[in-house]
Amino acid sequence: MDVRRPPTWPATPQEALAEQDRLRPLVDLAGPGPQTIATAAGLDVTYAGDRLAAAVVVLDAGTLDVIEESVVEGVPAFPYVPGLFAFRELPALLDALEALTTVPDLLVCDGHGLAHPRRFGLACHLGVLTGLPAVGVAKTPLLGGYDEPGPERGAASPLRDGGETVGTVLRTQAGVKPVYVSAGHRIDLPTARRHVLALSPRYRLPETTRRADHLSRQVLRAP
DNA sequence: GCGACAG
DNA sequence: ATCTTGTCGC
């Protein structure tokens with residue numbers, strides 16, 4: 001599939017901040033987004049030494065069967081800086097997406113979307129560069145306050161920052177730590193929450209994320 | 001000023 | 001993210 005690749009990549013935090021400011025207005029926050037999806041793609045990156053492997057796995061959103069996989073090796077494109085995390089793994093993820101034959105209906109990213117200091121986390125960035133609906137699913141919060149959701153599967157509570165709701169804390173499995181869901185691009189929070197829960201029938205993390213994690217690991221650690 | 005801080 | 005032992009549970 002086609003992706004929009006920036007002509008140059010930021011080399012300093014200042015340049016990265018400027019790039020976020022440039023792209024942030026392009027995030028589509030209108031409409032509810034896709035209520036029905038046929039496919040969903042999970043994206044994840046595994047690190048080993050100074051190398052990394054970025055994987056994308058497209059699943060049938062109904063059966064959760066694998067439809068297509070794509071994985072590439074590479075190097076981190078930026079140091080890890082909270083708030084600028086996307087610049088680290090985006091180039092490799094774009095490579096993996098570009099090799100895809102299928103165009104997924106939704107991107108499930110490993111990190112935040114709007115639940116970000118400048119409301120432009122990895123899921124927003126990937127959404128803008130691909131033009132596809134994107135959601136962020138993170139294992140820990142980057143910012144915001146919230147009340148602990150109920151213990152049952154599906155329980156949720158708003159994630160708030162500076163008076164606005166930037167995401168939802170979602171319990172995908174009974175009695176298990178919740179995940180932090182936020183909208184990335186072309187989808188609203190309720191819809192994102194619904195799709196993430198449907199993609200997580202058995203484990204804490206969505207099946208999309210789990211499949212991508214496994215694929216990137218086996219490729220990077222293979223002899 | 002002191003911590004916190006996606007992966 | 002990754003470095004790591006033991007332990008609990010299906």
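Lettering follows sequence order; numbering is per chain, from 1. Since the model is a prediction, treat every value here as computed from it, not as a measurement.
Distance alone, capped at 3.5 Å, places no donor-acceptor pair between the Glu19(A) side chain and the Trp9(A) backbone. Not a single donor-acceptor pair under 3.5 Å links the side chain of Arg4(A) to the backbone N or O of Val128(A). At least one donor-acceptor pair closer than 3.5 Å links the side chain of Asp105(A) to the backbone N or O of Ala38(A). Between the side chain of His195(A) and the backbone N or O of Pro34(A) there is at least one donor-acceptor pair closer than 3.5 Å.
Under the 30°/60° scheme for interplanar angles, the aromatic rings of Tyr180(A) and Tyr146(A) are found to stand perpendicular. Between His125(A) and Phe120(A), the ring planes are tilted. Angles from 30° to 60° get that label.
Pro117(A) comes within 4.0 angstrom of no nucleic acid atom, judged by non-hydrogen atoms across all strands. Note on Gly83(A): a base of the nucleic acid sits closer than 4.0 angstrom, heavy atoms only. Among the heavy atoms of the strands, none lies under 4.0 Å from Leu43(A).
A 4.0 Å heavy-atom criterion places the boundary nucleotides of DNA chain C facing chain A at dA1(C) to dT2(C), written 5' to 3'.
Rounding to whole angstrom units, OH of residue Tyr180(A) and P of dG7(B) are separated by 10 Å. Here dG7(B) presents its P atom at 18 Å from CG of Leu220(A), a figure rounded to the nearest Å. Put simply, CZ on Arg119(A) is 16 Å from P on dA6(B), counting in whole angstrom units. When the P atom of dA6(B) is taken as reference, atom CD of Gln20(A) falls 14 Å away, rounded to whole Å. Separating the CZ atom of Phe85(A) from the C1' atom of dA4(B) is a distance of 17 Å, rounded to the nearest angstrom. In this structure, OH of Tyr146(A) is placed 13 Å from C1' of dA4(B), rounded to the nearest angstrom. The distance from atom CG of Leu52(A) to atom P of dG7(B) is 16 Å, rounded to the nearest whole Å. In this structure, Leu122(A) places its CG atom 13 Å from P of dA6(B), rounding to the nearest Å.
The shortest distance between the side-chain N/O atoms of Lys139(A) and the OP1/OP2 oxygens of dA6(B) is not below 4.0 Å. Neither OP1 nor OP2 of dG7(B) sits under 4.0 Å from any side-chain N or O of Tyr47(A). Thr140(A) has no side-chain polar atom (N or O) that falls below the 4.0 Å cut-off from OP1 or OP2 of dC5(B).
Residue Arg119(A) qualifies as enclosed at atom CZ: its count of foreign heavy atoms under 6.0 Å is above 12. More than 12 heavy-atom neighbours from other residues, nucleotides or ligands sit within 6.0 angstrom of CZ on Arg153(A).
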### Query
For DNA chain C, what is the dot-bracket line, given that a base pair needs Watson-Crick (N1 to N3, plus N6-O4 or O6-N4) or G-U wobble (N1-O2 and O6-N3) geometry with both distances under 3.5 Å, and | means paired with another strand?
..........

## Note on the structure
Each base of DNA chain B marked ( ) or [ ] if paired in-strand (Watson-Crick or G-U under 3.5 Å), | if paired to another strand and . if unpaired gives .......

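Here the closest non-hydrogen pair linking Arg24(A) and Arg118(A) is CD-O, 3.1 Å. Between Ile37(A) and Ala61(A) the shortest heavy-atom distance is O-CB, 3.3 Å. When every heavy atom of Pro117(A) is checked against every heavy atom of Leu143(A), the shortest pair comes out as N-CD2, 3.2 Å. In this structure, Phe78(A) and Arg88(A) approach most closely via the heavy-atom pair O-NH1, 2.8 Å.
Summary of the strand contacts: Val45(A) and Arg202(A) both lie near DNA chain C, and taking for each the nucleotide with the nearest heavy atom, the more 5' one is attributed to Val45(A).
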